[in-house]
**Q** 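Shown below is the structure under consideration.
What you see is a predicted model, and the numbers here were worked out from it, not measured in a lab. In this chain, residues are counted from 1 in sequence order.
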Amino acid sequence: MALLRSLIALLASPSLLASATPRYSDLHPRADASNTPIASSQTITNQTTCDNEQYTYQELAGYGFVPSNATDKYGDTLGGYGSAIAIDRSSWQMLNNGSYTGLLWALPDRGWNTEGTLNYQNRVHKFAITLTPMPNATLANPSGPNLQITYEDTILFTGPDGTPTTGLDADVLGSITYPGFPILPVATFTGDGFGGPGPGGRHIPIDSEGLALASDGGFWVSDEYGPYIYHFSAQGLMTQAIMPPAAYIPHRNGSISFSADSPPVYNINETIIPANTVTGRDNNQGLEGLTLSSDGKTLYALMQSALDQEGGPSNPYRRQARLLEYDISNSTNPEYRAEYVVTLPLYTDPTAKASKATKVAAQSEIHSLGNDQFLVLARDSGAGHGQSSSLSVYRHADIFDISSSGGATDIESAANDATNGSIASSTGVLDAGITAAEYCTFLDYNVNAQLGRFGLHNGGAQNATLLNEKWESLAMVPVDGMDGTDGEWFLFSLSDNDFITQDGVCFYPSHSFLLWMKIGANAQPGHLNFGAYSYKDASGYNIDNQALVFQVQLPTNASPS
(Lines give C-alpha, C1' and ligand atoms only; values in the text may rest on other atoms or scores of the structure.)
Protein backbone atom coordinates (compact mmCIF):
# COMPACT_ATOMS: atom_id res chain seq x y z
CA MET A 1 0.00 0.00 0.00
CA ALA A 2 2.86 2.36 0.79
CA LEU A 3 4.28 1.71 -2.67
CA LEU A 4 0.90 2.49 -4.25
CA ARG A 5 0.63 5.79 -2.36
CA SER A 6 4.14 6.72 -3.47
CA LEU A 7 3.26 6.00 -7.10
CA ILE A 8 0.13 8.14 -6.93
CA ALA A 9 2.02 10.99 -5.29
CA LEU A 10 4.72 10.83 -7.96
CA LEU A 11 2.21 10.92 -10.79
CA ALA A 12 0.40 13.84 -9.17
CA SER A 13 3.59 15.86 -8.81
CA PRO A 14 3.27 19.25 -10.55
CA SER A 15 6.93 19.12 -11.55
CA LEU A 16 6.42 15.79 -13.25
CA LEU A 17 3.37 17.10 -15.08
CA ALA A 18 5.22 20.20 -16.18
CA SER A 19 8.06 18.19 -17.66
CA ALA A 20 5.88 15.50 -19.21
CA THR A 21 3.23 17.74 -20.78
CA PRO A 22 4.57 20.34 -23.25
CA ARG A 23 2.41 23.40 -23.65
CA TYR A 24 0.81 23.95 -27.04
CA SER A 25 1.91 27.58 -26.95
CA ASP A 26 5.54 26.46 -26.58
CA LEU A 27 5.27 24.20 -29.60
CA HIS A 28 3.34 26.71 -31.74
CA PRO A 29 4.23 30.24 -30.54
CA ARG A 30 1.73 33.01 -31.24
CA ALA A 31 2.62 36.35 -32.72
CA ASP A 32 1.17 38.05 -29.63
CA ALA A 33 -0.84 37.28 -26.53
CA SER A 34 -4.20 37.67 -28.29
CA ASN A 35 -6.30 34.81 -29.65
CA THR A 36 -4.43 34.78 -32.96
CA PRO A 37 -5.45 31.67 -34.94
CA ILE A 38 -2.81 28.97 -34.81
CA ALA A 39 -0.92 28.26 -38.02
CA SER A 40 -2.13 25.32 -40.08
CA SER A 41 -0.52 21.95 -39.49
CA GLN A 42 1.89 20.92 -42.24
CA THR A 43 1.05 17.24 -41.81
CA ILE A 44 -1.10 15.62 -44.51
CA THR A 45 -2.37 12.10 -43.92
CA ASN A 46 -4.98 12.22 -46.67
CA GLN A 47 -6.75 14.70 -48.93
CA THR A 48 -9.94 14.53 -50.95
CA THR A 49 -12.00 16.84 -53.15
CA CYS A 50 -15.80 16.85 -53.10
CA ASP A 51 -17.72 19.12 -55.50
CA ASN A 52 -14.49 21.08 -56.06
CA GLU A 53 -13.93 21.66 -52.34
CA GLN A 54 -10.71 20.29 -50.81
CA TYR A 55 -10.57 18.53 -47.45
CA THR A 56 -7.40 17.49 -45.62
CA TYR A 57 -6.97 14.96 -42.83
CA GLN A 58 -3.87 16.28 -41.11
CA GLU A 59 -3.24 14.05 -38.10
CA LEU A 60 -4.67 12.32 -35.07
CA ALA A 61 -4.61 15.03 -32.40
CA GLY A 62 -5.99 13.33 -29.35
CA TYR A 63 -7.11 10.23 -27.50
CA GLY A 64 -8.94 9.59 -24.26
CA PHE A 65 -11.16 7.03 -22.59
CA VAL A 66 -13.52 6.40 -19.72
CA PRO A 67 -13.40 2.95 -18.08
CA SER A 68 -16.10 0.47 -19.02
CA ASN A 69 -17.73 0.42 -15.59
CA ALA A 70 -17.74 4.07 -14.60
CA THR A 71 -21.21 5.04 -13.34
CA ASP A 72 -23.49 8.06 -13.64
CA LYS A 73 -25.15 9.91 -10.77
CA TYR A 74 -28.02 7.42 -10.78
CA GLY A 75 -25.68 4.49 -10.16
CA ASP A 76 -25.99 3.10 -13.71
CA THR A 77 -23.05 2.06 -15.85
CA LEU A 78 -21.81 4.89 -18.08
CA GLY A 79 -21.90 3.02 -21.35
CA GLY A 80 -22.96 3.27 -24.96
CA TYR A 81 -22.75 7.06 -25.05
CA GLY A 82 -20.63 7.14 -28.18
CA SER A 83 -23.90 6.62 -30.04
CA ALA A 84 -24.05 10.39 -30.58
CA ILE A 85 -22.31 13.47 -29.24
CA ALA A 86 -22.63 17.24 -29.46
CA ILE A 87 -20.23 19.88 -28.17
CA ASP A 88 -21.66 23.13 -26.86
CA ARG A 89 -19.77 25.52 -29.15
CA SER A 90 -20.28 28.44 -26.74
CA SER A 91 -18.31 26.54 -24.09
CA TRP A 92 -15.30 25.81 -26.33
CA GLN A 93 -12.22 27.87 -25.61
CA MET A 94 -8.45 27.77 -25.90
CA LEU A 95 -6.61 28.41 -22.64
CA ASN A 96 -3.46 30.47 -22.21
CA ASN A 97 -1.41 27.28 -21.83
CA GLY A 98 -2.59 26.00 -25.23
CA SER A 99 -5.05 23.42 -23.90
CA TYR A 100 -8.75 23.52 -24.79
CA THR A 101 -11.85 23.07 -22.67
CA GLY A 102 -15.51 22.62 -23.40
CA LEU A 103 -18.75 20.81 -22.58
CA LEU A 104 -19.71 17.65 -24.42
CA TRP A 105 -23.15 16.03 -24.41
CA ALA A 106 -23.23 12.30 -25.11
CA LEU A 107 -26.18 10.05 -25.88
CA PRO A 108 -26.34 6.38 -24.87
CA ASP A 109 -28.53 4.12 -26.97
CA ARG A 110 -31.02 1.66 -25.43
CA GLY A 111 -28.78 0.35 -22.65
CA TRP A 112 -26.96 -2.94 -22.22
CA ASN A 113 -28.53 -5.23 -24.83
CA THR A 114 -25.95 -7.81 -25.92
CA GLU A 115 -28.08 -10.47 -24.21
CA GLY A 116 -31.51 -8.90 -24.63
CA THR A 117 -33.11 -5.49 -24.12
CA LEU A 118 -33.91 -3.98 -20.73
CA ASN A 119 -36.10 -1.28 -19.20
CA TYR A 120 -33.25 1.25 -19.32
CA GLN A 121 -34.47 4.84 -19.16
CA ASN A 122 -33.01 6.83 -22.04
CA ARG A 123 -30.84 9.77 -21.08
CA VAL A 124 -28.15 12.22 -22.13
CA HIS A 125 -24.88 12.76 -20.24
CA LYS A 126 -22.87 15.94 -19.79
CA PHE A 127 -19.06 15.84 -19.67
CA ALA A 128 -16.35 18.45 -19.25
CA ILE A 129 -13.52 17.87 -21.72
CA THR A 130 -9.94 19.11 -21.74
CA LEU A 131 -7.69 18.54 -24.75
CA THR A 132 -3.95 19.16 -24.49
CA PRO A 133 -2.47 18.77 -28.00
CA MET A 134 0.65 16.65 -28.37
CA PRO A 135 1.85 17.42 -31.92
CA ASN A 136 5.32 16.00 -31.21
CA ALA A 137 3.98 12.52 -30.47
CA THR A 138 5.54 9.87 -32.72
CA LEU A 139 5.47 6.13 -33.19
CA ALA A 140 8.82 5.93 -31.45
CA ASN A 141 7.75 8.25 -28.63
CA PRO A 142 3.95 8.00 -28.37
CA SER A 143 1.80 10.18 -26.16
CA GLY A 144 -0.49 8.80 -23.52
CA PRO A 145 -4.15 9.91 -23.37
CA ASN A 146 -4.32 13.71 -23.78
CA LEU A 147 -8.09 14.08 -23.76
CA GLN A 148 -9.56 14.28 -20.27
CA ILE A 149 -13.26 13.40 -20.06
CA THR A 150 -14.91 14.25 -16.74
CA TYR A 151 -18.48 13.24 -16.02
CA GLU A 152 -20.72 16.08 -14.78
CA ASP A 153 -24.42 15.31 -15.08
CA THR A 154 -27.23 13.21 -16.54
CA ILE A 155 -30.67 14.20 -17.79
CA LEU A 156 -33.30 11.44 -17.92
CA PHE A 157 -35.84 11.36 -20.77
CA THR A 158 -39.57 11.01 -20.24
CA GLY A 159 -42.63 10.91 -22.44
CA PRO A 160 -45.04 13.86 -22.78
CA ASP A 161 -46.82 12.79 -19.57
CA GLY A 162 -43.61 12.37 -17.56
CA THR A 163 -43.51 8.56 -17.85
CA PRO A 164 -39.92 7.34 -18.29
CA THR A 165 -38.94 6.20 -21.76
CA THR A 166 -37.49 2.70 -22.13
CA GLY A 167 -34.89 0.78 -24.08
CA LEU A 168 -37.12 -2.29 -24.30
CA ASP A 169 -38.18 -3.39 -27.78
CA ALA A 170 -41.41 -1.95 -29.11
CA ASP A 171 -44.53 -4.08 -29.23
CA VAL A 172 -45.09 -6.01 -32.46
CA LEU A 173 -48.48 -4.35 -32.86
CA GLY A 174 -50.01 -1.28 -31.34
CA SER A 175 -48.99 2.25 -30.48
CA ILE A 176 -49.56 4.97 -27.90
CA THR A 177 -51.06 8.42 -28.43
CA TYR A 178 -50.81 11.83 -26.79
CA PRO A 179 -52.57 15.08 -27.71
CA GLY A 180 -50.68 16.92 -30.44
CA PHE A 181 -48.41 13.93 -31.21
CA PRO A 182 -48.47 11.36 -34.01
CA ILE A 183 -48.91 7.73 -33.06
CA LEU A 184 -45.81 6.58 -31.17
CA PRO A 185 -44.24 3.14 -30.64
CA VAL A 186 -45.09 1.53 -27.30
CA ALA A 187 -43.45 -1.13 -25.16
CA THR A 188 -45.77 -3.05 -22.84
CA PHE A 189 -44.12 -4.97 -20.01
CA THR A 190 -44.90 -6.57 -16.66
CA GLY A 191 -42.85 -6.32 -13.49
CA ASP A 192 -39.94 -3.89 -13.46
CA GLY A 193 -38.86 -4.52 -17.06
CA PHE A 194 -35.67 -6.19 -15.84
CA GLY A 195 -37.19 -9.55 -14.98
CA GLY A 196 -38.12 -8.63 -11.41
CA PRO A 197 -41.37 -7.67 -9.68
CA GLY A 198 -42.93 -4.30 -10.34
CA PRO A 199 -46.00 -2.48 -11.60
CA GLY A 200 -45.32 -2.93 -15.32
CA GLY A 201 -46.63 -0.37 -17.75
CA ARG A 202 -46.72 1.04 -21.27
CA HIS A 203 -43.74 3.26 -22.06
CA ILE A 204 -42.37 4.89 -25.20
CA PRO A 205 -39.44 2.78 -26.42
CA ILE A 206 -36.45 4.62 -27.86
CA ASP A 207 -33.25 3.28 -29.34
CA SER A 208 -31.57 6.69 -29.29
CA GLU A 209 -28.89 7.14 -31.94
CA GLY A 210 -28.68 10.79 -33.06
CA LEU A 211 -28.25 13.99 -31.05
CA ALA A 212 -28.37 17.71 -31.83
CA LEU A 213 -28.50 20.62 -29.38
CA ALA A 214 -31.68 22.64 -29.86
CA SER A 215 -31.66 26.43 -29.75
CA ASP A 216 -34.04 26.41 -26.76
CA GLY A 217 -31.56 24.47 -24.60
CA GLY A 218 -33.24 21.14 -25.27
CA PHE A 219 -32.26 18.18 -27.42
CA TRP A 220 -33.21 16.72 -30.78
CA VAL A 221 -32.87 12.91 -30.67
CA SER A 222 -33.34 10.43 -33.52
CA ASP A 223 -34.14 6.80 -32.90
CA GLU A 224 -34.23 3.40 -34.59
CA TYR A 225 -37.50 1.90 -33.35
CA GLY A 226 -39.81 4.40 -35.03
CA PRO A 227 -37.79 5.60 -36.74
CA TYR A 228 -38.71 8.98 -35.28
CA ILE A 229 -37.11 12.28 -34.30
CA TYR A 230 -37.96 13.56 -30.82
CA HIS A 231 -37.50 16.91 -29.14
CA PHE A 232 -36.85 16.92 -25.41
CA SER A 233 -36.78 19.96 -23.16
CA ALA A 234 -33.66 20.90 -21.20
CA GLN A 235 -35.22 18.93 -18.32
CA GLY A 236 -35.76 15.81 -20.47
CA LEU A 237 -39.52 16.04 -21.14
CA MET A 238 -40.64 15.02 -24.64
CA THR A 239 -42.32 18.02 -26.23
CA GLN A 240 -42.46 17.01 -29.88
CA ALA A 241 -42.18 14.01 -32.21
CA ILE A 242 -41.54 13.99 -35.94
CA MET A 243 -42.97 10.95 -37.71
CA PRO A 244 -41.17 10.38 -41.03
CA PRO A 245 -42.99 9.65 -44.30
CA ALA A 246 -45.00 6.41 -44.50
CA ALA A 247 -42.30 4.71 -46.61
CA TYR A 248 -40.06 4.68 -43.51
CA ILE A 249 -42.57 3.17 -41.09
CA PRO A 250 -41.95 -0.58 -40.53
CA HIS A 251 -44.66 -3.08 -41.46
CA ARG A 252 -45.24 -6.79 -40.82
CA ASN A 253 -48.20 -8.83 -41.97
CA GLY A 254 -49.82 -5.78 -43.53
CA SER A 255 -49.75 -3.68 -40.34
CA ILE A 256 -47.45 -1.13 -38.73
CA SER A 257 -45.01 -3.05 -36.55
CA PHE A 258 -42.39 -1.09 -34.59
CA SER A 259 -40.69 -4.13 -33.05
CA ALA A 260 -37.04 -4.58 -34.03
CA ASP A 261 -37.06 -8.28 -33.07
CA SER A 262 -35.04 -7.45 -29.95
CA PRO A 263 -36.61 -9.53 -27.14
CA PRO A 264 -36.04 -8.65 -23.49
CA VAL A 265 -33.30 -10.34 -21.48
CA TYR A 266 -35.94 -11.98 -19.27
CA ASN A 267 -37.72 -13.55 -22.29
CA ILE A 268 -34.89 -13.95 -24.76
CA ASN A 269 -36.59 -16.78 -26.67
CA GLU A 270 -39.58 -14.65 -27.62
CA THR A 271 -40.31 -15.21 -31.31
CA ILE A 272 -41.57 -12.62 -33.76
CA ILE A 273 -42.91 -13.78 -37.15
CA PRO A 274 -41.60 -12.68 -39.49
CA ALA A 275 -38.42 -11.60 -37.72
CA ASN A 276 -37.65 -8.94 -40.33
CA THR A 277 -40.02 -6.18 -41.24
CA VAL A 278 -41.29 -6.28 -44.84
CA THR A 279 -41.34 -2.58 -45.70
CA GLY A 280 -39.99 0.54 -44.02
CA ARG A 281 -36.90 0.63 -41.84
CA ASP A 282 -35.15 -2.68 -41.30
CA ASN A 283 -34.54 -3.97 -37.77
CA ASN A 284 -31.94 -1.80 -36.01
CA GLN A 285 -31.34 0.28 -39.16
CA GLY A 286 -33.26 3.43 -38.34
CA LEU A 287 -32.41 7.14 -38.21
CA GLU A 288 -28.82 6.67 -37.10
CA GLY A 289 -27.52 10.05 -38.28
CA LEU A 290 -28.79 13.45 -37.11
CA THR A 291 -27.36 16.93 -37.55
CA LEU A 292 -28.34 20.60 -37.58
CA SER A 293 -27.23 23.33 -39.96
CA SER A 294 -24.87 25.83 -38.34
CA ASP A 295 -27.68 28.42 -38.04
CA GLY A 296 -29.88 25.86 -36.25
CA LYS A 297 -32.74 26.25 -38.74
CA THR A 298 -32.45 23.00 -40.71
CA LEU A 299 -32.48 19.47 -39.31
CA TYR A 300 -31.15 16.49 -41.30
CA ALA A 301 -31.63 12.80 -40.50
CA LEU A 302 -30.08 9.88 -42.39
CA MET A 303 -31.13 6.24 -42.34
CA GLN A 304 -28.43 3.78 -41.31
CA SER A 305 -28.97 1.88 -44.56
CA ALA A 306 -31.70 1.24 -47.13
CA LEU A 307 -35.39 0.74 -46.42
CA ASP A 308 -36.65 -2.85 -46.70
CA GLN A 309 -38.32 -2.30 -50.06
CA GLU A 310 -35.08 -0.83 -51.46
CA GLY A 311 -32.71 -3.69 -50.56
CA GLY A 312 -32.67 -3.08 -46.81
CA PRO A 313 -32.65 -6.60 -45.36
CA SER A 314 -29.71 -7.86 -47.41
CA ASN A 315 -26.00 -7.23 -47.79
CA PRO A 316 -24.77 -6.04 -50.28
CA TYR A 317 -28.06 -4.52 -51.51
CA ARG A 318 -28.82 -2.07 -48.68
CA ARG A 319 -26.73 0.79 -50.08
CA GLN A 320 -29.38 3.43 -50.77
CA ALA A 321 -29.88 5.37 -47.52
CA ARG A 322 -32.50 8.12 -47.49
CA LEU A 323 -31.77 11.57 -46.05
CA LEU A 324 -34.60 13.73 -44.66
CA GLU A 325 -34.44 17.53 -44.46
CA TYR A 326 -36.71 19.54 -42.14
CA ASP A 327 -37.09 23.30 -41.78
CA ILE A 328 -37.22 23.93 -38.03
CA SER A 329 -36.98 27.73 -38.15
CA ASN A 330 -40.39 27.48 -36.44
CA SER A 331 -39.33 24.85 -33.93
CA THR A 332 -42.90 24.10 -32.85
CA ASN A 333 -43.92 23.22 -36.40
CA PRO A 334 -41.13 21.44 -38.33
CA GLU A 335 -41.69 21.42 -42.08
CA TYR A 336 -40.60 18.48 -44.23
CA ARG A 337 -38.68 20.21 -47.01
CA ALA A 338 -36.60 17.78 -49.08
CA GLU A 339 -35.26 14.25 -49.36
CA TYR A 340 -32.12 12.81 -50.92
CA VAL A 341 -30.40 9.47 -51.25
CA VAL A 342 -26.84 8.63 -50.16
CA THR A 343 -25.29 5.56 -51.77
CA LEU A 344 -23.21 3.94 -49.05
CA PRO A 345 -19.75 2.48 -49.78
CA LEU A 346 -18.88 -1.19 -50.14
CA TYR A 347 -16.01 -3.07 -48.53
CA THR A 348 -14.62 -6.59 -48.68
CA ASP A 349 -14.90 -8.56 -45.45
CA PRO A 350 -11.69 -10.62 -45.15
CA THR A 351 -13.34 -13.00 -42.66
CA ALA A 352 -16.27 -13.96 -44.93
CA LYS A 353 -16.43 -16.55 -47.67
CA ALA A 354 -15.86 -15.08 -51.13
CA SER A 355 -19.52 -15.27 -52.14
CA LYS A 356 -20.54 -13.14 -49.16
CA ALA A 357 -17.47 -10.94 -48.73
CA THR A 358 -18.89 -7.80 -50.37
CA LYS A 359 -20.75 -5.79 -47.75
CA VAL A 360 -22.20 -2.33 -47.22
CA ALA A 361 -20.49 0.03 -44.78
CA ALA A 362 -23.65 1.21 -43.03
CA GLN A 363 -23.49 4.75 -41.66
CA SER A 364 -23.43 5.60 -37.96
CA GLU A 365 -23.53 9.42 -37.91
CA ILE A 366 -23.58 12.57 -40.01
CA HIS A 367 -22.38 16.12 -39.35
CA SER A 368 -23.27 19.19 -41.37
CA LEU A 369 -20.34 21.11 -42.89
CA GLY A 370 -22.46 23.79 -44.54
CA ASN A 371 -22.84 24.38 -48.28
CA ASP A 372 -24.91 21.17 -48.61
CA GLN A 373 -21.95 19.00 -47.61
CA PHE A 374 -21.77 16.54 -44.72
CA LEU A 375 -19.41 14.24 -42.93
CA VAL A 376 -20.72 10.68 -42.73
CA LEU A 377 -19.29 7.97 -40.49
CA ALA A 378 -19.45 4.74 -42.48
CA ARG A 379 -17.88 1.56 -41.13
CA ASP A 380 -17.63 -2.19 -41.16
CA SER A 381 -18.83 -4.33 -38.25
CA GLY A 382 -17.54 -7.27 -36.27
CA ALA A 383 -13.96 -5.98 -36.02
CA GLY A 384 -12.28 -4.36 -33.02
CA HIS A 385 -11.77 -4.80 -29.31
CA GLY A 386 -13.85 -7.69 -28.04
CA GLN A 387 -14.79 -8.91 -31.52
CA SER A 388 -13.86 -12.11 -33.36
CA SER A 389 -11.58 -10.09 -35.65
CA SER A 390 -9.29 -7.27 -34.54
CA LEU A 391 -8.72 -5.86 -38.04
CA SER A 392 -11.18 -3.27 -39.35
CA VAL A 393 -10.98 -2.64 -43.10
CA TYR A 394 -13.45 0.27 -43.42
CA ARG A 395 -13.94 2.85 -40.68
CA HIS A 396 -14.21 6.29 -42.28
CA ALA A 397 -15.48 9.82 -41.83
CA ASP A 398 -16.34 10.41 -45.50
CA ILE A 399 -18.08 13.35 -47.20
CA PHE A 400 -21.25 13.57 -49.26
CA ASP A 401 -22.72 16.50 -51.18
CA ILE A 402 -26.41 17.14 -51.92
CA SER A 403 -25.99 20.47 -53.72
CA SER A 404 -27.65 21.15 -57.06
CA SER A 405 -24.19 21.70 -58.54
CA GLY A 406 -23.34 18.15 -57.50
CA GLY A 407 -26.46 16.90 -59.27
CA ALA A 408 -28.23 15.24 -56.32
CA THR A 409 -31.94 14.59 -56.91
CA ASP A 410 -34.57 15.75 -54.45
CA ILE A 411 -36.61 12.54 -54.26
CA GLU A 412 -39.42 13.91 -52.06
CA SER A 413 -42.75 13.00 -53.67
CA ALA A 414 -46.09 11.49 -52.73
CA ALA A 415 -45.25 8.27 -54.60
CA ASN A 416 -41.76 7.82 -53.16
CA ASP A 417 -42.92 8.55 -49.61
CA ALA A 418 -46.06 6.41 -49.61
CA THR A 419 -46.24 3.12 -47.73
CA ASN A 420 -44.04 0.74 -49.74
CA GLY A 421 -42.90 3.72 -51.83
CA SER A 422 -39.56 2.92 -53.43
CA ILE A 423 -36.69 4.75 -55.12
CA ALA A 424 -34.65 1.62 -55.83
CA SER A 425 -35.13 -2.03 -56.69
CA SER A 426 -35.05 -4.84 -54.13
CA THR A 427 -31.40 -5.32 -55.10
CA GLY A 428 -30.55 -1.68 -54.42
CA VAL A 429 -30.43 -0.32 -57.98
CA LEU A 430 -31.63 3.30 -58.07
CA ASP A 431 -34.62 4.10 -60.25
CA ALA A 432 -33.93 5.85 -63.55
CA GLY A 433 -33.73 9.62 -63.22
CA ILE A 434 -32.48 9.60 -59.60
CA THR A 435 -28.94 10.80 -58.89
CA ALA A 436 -27.53 10.08 -55.44
CA ALA A 437 -25.45 12.56 -53.48
CA GLU A 438 -21.82 12.78 -54.54
CA TYR A 439 -19.83 10.53 -52.18
CA CYS A 440 -16.16 11.17 -51.45
CA THR A 441 -13.95 8.96 -49.26
CA PHE A 442 -11.95 10.97 -46.76
CA LEU A 443 -10.67 10.26 -43.24
CA ASP A 444 -9.60 6.71 -42.38
CA TYR A 445 -9.68 5.95 -38.64
CA ASN A 446 -7.52 2.86 -39.14
CA VAL A 447 -4.20 4.44 -40.18
CA ASN A 448 -1.78 2.81 -37.76
CA ALA A 449 0.91 5.40 -38.47
CA GLN A 450 -1.42 7.91 -36.74
CA LEU A 451 -2.97 5.62 -34.12
CA GLY A 452 0.48 4.51 -32.98
CA ARG A 453 1.37 8.09 -32.01
CA PHE A 454 -1.02 7.59 -29.08
CA GLY A 455 -0.20 3.92 -28.43
CA LEU A 456 -3.30 2.68 -30.26
CA HIS A 457 -3.68 0.18 -33.07
CA ASN A 458 -6.05 -1.41 -35.58
CA GLY A 459 -5.55 -5.16 -35.98
CA GLY A 460 -3.26 -7.29 -33.87
CA ALA A 461 -3.62 -8.11 -30.20
CA GLN A 462 -6.94 -8.00 -28.37
CA ASN A 463 -6.14 -5.42 -25.71
CA ALA A 464 -7.32 -2.09 -24.36
CA THR A 465 -5.36 -0.08 -26.97
CA LEU A 466 -7.07 -1.84 -29.88
CA LEU A 467 -9.74 0.41 -31.39
CA ASN A 468 -13.30 -0.49 -30.46
CA GLU A 469 -15.67 -1.81 -33.09
CA LYS A 470 -18.46 0.76 -33.02
CA TRP A 471 -17.53 4.37 -33.76
CA GLU A 472 -20.83 6.21 -33.98
CA SER A 473 -20.44 9.93 -33.29
CA LEU A 474 -19.00 13.14 -34.75
CA ALA A 475 -18.60 16.69 -33.42
CA MET A 476 -16.45 19.61 -34.57
CA VAL A 477 -14.83 22.58 -32.85
CA PRO A 478 -12.38 25.20 -34.19
CA VAL A 479 -8.64 24.87 -33.54
CA ASP A 480 -8.38 28.64 -33.08
CA GLY A 481 -10.86 28.40 -30.19
CA MET A 482 -13.08 30.99 -31.85
CA ASP A 483 -14.73 30.62 -35.26
CA GLY A 484 -12.49 28.44 -37.43
CA THR A 485 -12.29 30.96 -40.27
CA ASP A 486 -8.79 29.64 -41.03
CA GLY A 487 -10.35 26.26 -41.88
CA GLU A 488 -8.61 24.38 -39.02
CA TRP A 489 -10.96 22.13 -37.02
CA PHE A 490 -10.85 19.34 -34.48
CA LEU A 491 -13.14 16.39 -35.24
CA PHE A 492 -14.19 14.46 -32.12
CA SER A 493 -15.48 10.90 -32.36
CA LEU A 494 -16.52 8.55 -29.54
CA SER A 495 -17.16 4.82 -29.64
CA ASP A 496 -20.23 2.95 -28.46
CA ASN A 497 -19.01 0.18 -26.13
CA ASP A 498 -22.45 -1.49 -25.84
CA PHE A 499 -22.19 -1.20 -22.02
CA ILE A 500 -19.80 -4.18 -22.07
CA THR A 501 -18.13 -4.50 -18.68
CA GLN A 502 -17.06 -7.10 -16.12
CA ASP A 503 -15.70 -5.33 -13.06
CA GLY A 504 -15.29 -2.12 -11.13
CA VAL A 505 -12.62 0.55 -11.26
CA CYS A 506 -11.44 3.30 -8.98
CA PHE A 507 -10.22 6.62 -10.31
CA TYR A 508 -8.00 9.27 -8.82
CA PRO A 509 -8.18 12.92 -9.98
CA SER A 510 -4.71 14.29 -10.50
CA HIS A 511 -4.27 17.85 -11.73
CA SER A 512 -4.72 17.95 -15.53
CA PHE A 513 -5.59 14.32 -16.10
CA LEU A 514 -7.37 11.38 -14.53
CA LEU A 515 -5.42 8.35 -13.40
CA TRP A 516 -7.55 5.25 -13.74
CA MET A 517 -6.55 2.13 -11.80
CA LYS A 518 -8.26 -1.25 -11.73
CA ILE A 519 -8.88 -2.57 -8.23
CA GLY A 520 -9.31 -6.26 -9.04
CA ALA A 521 -9.97 -7.39 -5.50
CA ASN A 522 -12.94 -5.02 -5.25
CA ALA A 523 -14.29 -5.77 -8.73
CA GLN A 524 -18.02 -5.16 -9.09
CA PRO A 525 -20.39 -6.04 -11.93
CA GLY A 526 -21.98 -3.36 -14.09
CA HIS A 527 -25.14 -1.67 -12.86
CA LEU A 528 -28.46 -0.59 -14.37
CA ASN A 529 -31.97 0.16 -13.06
CA PHE A 530 -30.54 3.00 -10.94
CA GLY A 531 -27.87 0.72 -9.54
CA ALA A 532 -30.25 -2.10 -8.56
CA TYR A 533 -29.56 -4.40 -11.53
CA SER A 534 -26.12 -6.02 -11.71
CA TYR A 535 -24.70 -7.72 -14.79
CA LYS A 536 -21.51 -9.06 -16.30
CA ASP A 537 -21.39 -9.24 -20.07
CA ALA A 538 -21.03 -12.83 -21.31
CA SER A 539 -18.21 -11.82 -23.67
CA GLY A 540 -15.81 -11.66 -20.74
CA TYR A 541 -14.49 -8.29 -21.96
CA ASN A 542 -14.19 -4.83 -20.46
CA ILE A 543 -14.63 -2.40 -23.35
CA ASP A 544 -13.65 1.11 -22.34
CA ASN A 545 -15.42 4.12 -23.85
CA GLN A 546 -12.76 5.38 -26.28
CA ALA A 547 -12.54 8.84 -27.85
CA LEU A 548 -10.45 10.12 -30.77
CA VAL A 549 -9.74 13.68 -31.90
CA PHE A 550 -8.61 14.33 -35.48
CA GLN A 551 -7.25 17.59 -36.85
CA VAL A 552 -8.62 18.48 -40.27
CA GLN A 553 -8.47 21.35 -42.75
CA LEU A 554 -11.83 22.33 -44.22
CA PRO A 555 -12.59 24.81 -47.02
CA THR A 556 -12.54 28.29 -45.49
CA ASN A 557 -16.19 28.80 -46.49
CA ALA A 558 -17.30 25.73 -44.55
CA SER A 559 -19.62 26.27 -41.59
CA PRO A 560 -19.78 23.10 -39.47
CA SER A 561 -22.64 22.79 -37.04
**Q** Between H125 and F127, how do the two ring planes meet: parallel, tilted or perpendicular, split at 30° and 60°?
**A**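 The arrangement is perpendicular - the two ring planes meet at more than 60°.
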
**Q** Less than 4.0 angstrom from a charged side-chain N to a carboxylate O is my criterion; do R123 and D76 meet it?
**A** yes

**Q** To the nearest 0.5 Å, how far apart are OH in Y340 and CG in L324?
**A** 11.5 Å

**Q** Could you tell me whether the side chains of S403 and D51 share a donor-acceptor contact shorter than 3.5 Å?
**A** yes

**Q** Between E472 and R379, is the closest basic N to carboxylate O distance under 4.0 Å?
**A**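 Yes, charged N to carboxylate O under 4.0 Å.
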
**Q** Not counting sequence neighbours, which residues clear ring-ring contact (aromatic ring centres under 6.0 Å, His included) with H396? List them please.
**A**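 Partners of H396 under the ring-ring contact (aromatic ring centres under 6.0 Å, His included) test: Y394.
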
**Q** Please tell me whether S255 and N253 have a donor and an acceptor in their side chains that are separated by less than 3.5 angstrom.
**A** no

**Q** Under a plain distance cut-off of 3.5 Å, with no hydrogens placed, do Q285 and S305 share a side-chain donor-acceptor pair?
**A** yes

**Q** Might you point out which heavy atoms bring Y533 and V265 nearest each other, and give the distance in Å?
**A** OH-CG1, 3.9 Å

**Q** Check whether the side chains of Q320 and T343 place a donor and an acceptor atom closer than 3.5 Å, and report yes or no.
**A**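 T343 and Q320 do have a side-chain donor-acceptor pair below 3.5 Å.
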
**Q** Under 3.5 Å, is there a donor-acceptor pair linking the side chains of N446 and S392?
**A** yes

**Q** Looking at D380 and K359, does any basic side-chain N land under 4.0 Å from a carboxylate oxygen?
**A** no

**Q** Would you name the heavy atoms of T501 and S68 that are closest together and state the gap between them?
**A** OG1-OG, 3.1 Å

**Q** List in chain and number order the residues that pass ring-ring contact (aromatic ring centres under 6.0 Å, His included) with F454, two or more places apart in sequence or in another chain; answer none if no residue qualifies.
**A** none

**Q** Taking atom types as modelled and ignoring hydrogens, do the side chains of N463 and H457 form a donor-acceptor contact shorter than 3.5 angstrom?
**A**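 A donor-acceptor contact under 3.5 Å links the two side chains.
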
**Q** Thinking salt bridges, do E224 and R281 make one under a 4.0 Å N-O criterion?
**A**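 Salt bridge flag = no for R281 with E224.
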
**Q** Is the shortest side-chain heavy-atom distance between D72 and Y151 below 4.5 Å?
**A**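 A side-chain contact under 4.5 Å exists here.
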
**Q** Can you label the angle between the F490 ring and the F492 ring as parallel, tilted or perpendicular, going by 30° and 60°?
**A** perpendicular

**Q** With rounding to the nearest 0.5 Å, note down the distance linking CE in M134 to CG in L147.
**A**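 Rounded to the nearest 0.5 Å, the CE-CG separation comes to 11.5 Å.
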
**Q** Looking at R318 and E310, is there a salt bridge between them, counting it only when a charged N and a carboxylate O are closer than 4.0 Å?
**A** no

